[in-house]
2 protein chains.
Amino acid sequence: MDQLITHIRKFIVLDDAEAAIVISFFKNENFKKKSLLLHEGSLCSTQYFVLKGCLRLYIINEKGNEQTLQFAIENWWITDYMSLQTQRPTHFYIQAVENSEVLAIDTDHLEKLLVRLPKMERYFRLILQKSFAAYQMRIKYLYTQSAEERYHFFNNLQPEFVQRIPQYMLASYLDFSAEFMSKIRAGKV
Amino acid sequence: MDQLITHIRKFIVLDDAEAAIVISFFKNENFKKKSLLLHEGSLCSTQYFVLKGCLRLYIINEKGNEQTLQFAIENWWITDYMSLQTQRPTHFYIQAVENSEVLAIDTDHLEKLLVRLPKMERYFRLILQKSFAAYQMRIKYLYTQSAEERYHFFNNLQPEFVQRIPQYMLASYLDFSAEFMSKIRAGKV
DNA sequence: CGCGACGTTGATTTGCCTCAACGATTGTGG
DNA sequence: CCACAATCGTTGAGGCAAATCAACGTCGCG
């Protein structure tokens, strides 16, 4: 659980008593590879912080194919913010890509934590700001790079992560087909 | 300036004294249509809240074409979060699409405001959470819809806004060419 | 009035998808 | 521990959505 505290302390000051309070609001959970933490049609009321392993958020499109919209590895947060805010059914799935250990917090628990320790508002603000910055860059690359460029760019940015996940998941995250990914890797394009 | 206060009060409670403090940290600015608030290579240290008009964030790609990544109309915030956080030169442009009136706040001013009124952390957290929810949906639609579907979907969602902006800007925002947009509108596709 | 910004149209090209078939690897129950 | 089935990755042929290019119409504005 120290892992979350260490992460929070990169953004705000937290003494040990406060750290203990924070921890008390979270639930430690383990998920086996391929198990679902959220599925289409249900309500999303939980935010997850990944301690170990990897989660992904994906949809199933009209043709029945999965498309990965986000990954979350160690020290990343993941949830469906739209369902969380509107309390309407989600269109997304969240799945464990590897056997994973996470910290989970429900919306109502989070609200209580924020009332108890208002300084945590700042932590979550800064996390979201960082995520949003990454989003602006992602849109930029999606809009300017070809499929091949996106692959090389990502591979260069996250070489060790690319090794951890199936290629078809990365292909769908980068928004092209698994077959095309094969051709890029083989240099046949 | 009431406009910002009204917006903030949709998210947090603010008495009149606090509202006055908030306002004192902002600068009111006007920009003529087509003028630049930020250009590539410079540092971004300001966040803008649109009172009236419309701003957009765009890049110029390798071929010299503009691609719009974001719009901001009344009551929306806009900035380059990556440059803001890293204090590295931006790759983006921010431009007034119409004659626009905005409230501007620099990073260091914002920090001082947040120290003075920590409850504003919550406001910005909620704004960012809302933006991030919208981002997750945008990626979903970019990944699942064809160009034509994206056009009709957006047109249906924001019919009055579509009237306000040149078609080529909307085309680049929806990630297809201006010529293709013409063909969609003419039903020739 | 004339020029630049914006929009349209058609011909051609291309990046990537789809489909189908086939290896390789992994995992699992008998 | 093997057999067999999933799962994952590869390859090639053919097709399509959208880009590109070029030319031309139109409007608004200085």
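Residue numbers start from 1 in every chain, and the chains themselves are labelled A, B, ... in the order their sequence lines are given, proteins ahead of strands.
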B/Ile73 to B/Val50 - nearest heavy-atom pair and separation: O-CB, 3.3 Å
Could you state the atom-to-atom distance from NZ of A/Lys33 to P of D/dT7 in whole Å? 12 Å
Between C/dC6 atom C1' and B/Glu66 atom CD, what is the distance in whole Å? 13 Å
Checking only heavy atoms, does the side chain of A/Lys183 share a donor-acceptor pair with the base of D/dG9 at less than 3.5 Å? no
Would you say that more than 12 heavy atoms from the other residues, nucleotides or ligands in this model lie under 6.0 Å from the NE2 of A/His39, or not? no
To the nearest 10°, let me know how far the axis at one end of the helix from C/dC1-D/dG30 to C/dG30-D/dC1 is tilted from the axis at the other, five pairs an end. 40°
Could you give the CD-to-P distance, from A/Gln145 to C/dG15, as a whole number of Å? 16 Å
Of the listed nucleotides (C/dT18, D/dC8, C/dC16), which one gets closest to any side-chain atom of A/Ser177? C/dT18
Taking only the side-chain nitrogens and oxygens of B/Ser182, find out if one of them lies under 4.0 Å from OP1 or OP2 of C/dT9. no
Would you call B/Arg164 and B/Glu74 a salt bridge, using N to O less than 4.0 angstrom? yes
Heavy-atom distance under 4.5 Å between the side chains of A/Tyr141 and A/Phe154, does that happen here? no
Can you check the B/Lys63 NZ to D/dT20 C1' distance for me, whole Å? 8 Å
Within the sub-3.5 Å range, which N or O atoms of nucleotides 25-28 of chain D have a protein N or O partner, and how far apart are they?
none

Rounded distance in Å - CD (B/Glu148) to P (D/dA17): 10 Å
If you apply the rule side chain to side chain donor-acceptor pair (under 3.5 Å), what do you find for B/Arg56 with B/Tyr173, and how did you get there? CA-CA 10 Å; B/Arg56 67 170 178 140; B/Tyr173 175 75; over 6 Å; no
Residue B/Glu179, side-chain heavy atoms: nucleotide from D/dC21, C/dC17, D/dT10 that is nearest: D/dC21
Does any part of the side chain of B/Tyr168, heavy atoms only, come nearer than 4.5 Å to the side chain of B/Asn65, both counted from C-beta? no
With side chains defined as the heavy atoms from C-beta onward, is the minimum distance between B/Thr79 and B/Leu38 less than 4.5 Å? no
Which nucleotide sits closest to the side chain of A/Ser146: C/dC16, D/dA18, C/dT8? C/dC16
Given C/dC16, D/dA19, D/dG9, which nucleotide is nearest the side-chain atoms of A/Pro166? D/dG9
Identify whether any heavy atom of B/Ala186 sits under 4.0 Å from a base atom; if not, whether one sits that close to sugar-phosphate; answer base, sugar-phosphate or nothing. sugar-phosphate
Under the ring-ring contact (aromatic ring centres under 6.0 Å, His included) rule, collect the residues that match up with A/Phe176, sequence neighbours excluded. none
Check the pair B/Trp76 / B/Phe71 against ring pair (Phe, Tyr, Trp, His ring centres under 6.0 Å), numbers first and verdict last. CA-CA 9 Å; B/Trp76 282 80; B/Phe71 289 106; over 10 Å; no
If you compare every side-chain N and O of B/Lys34 against the phosphate oxygens of C/dC6 (OP1, OP2), does one of them come in below 4.0 Å? yes
Kindly point out which of C/dG7, C/dC16, D/dC8 is positioned nearest to the side chain of A/Ala147? C/dC16
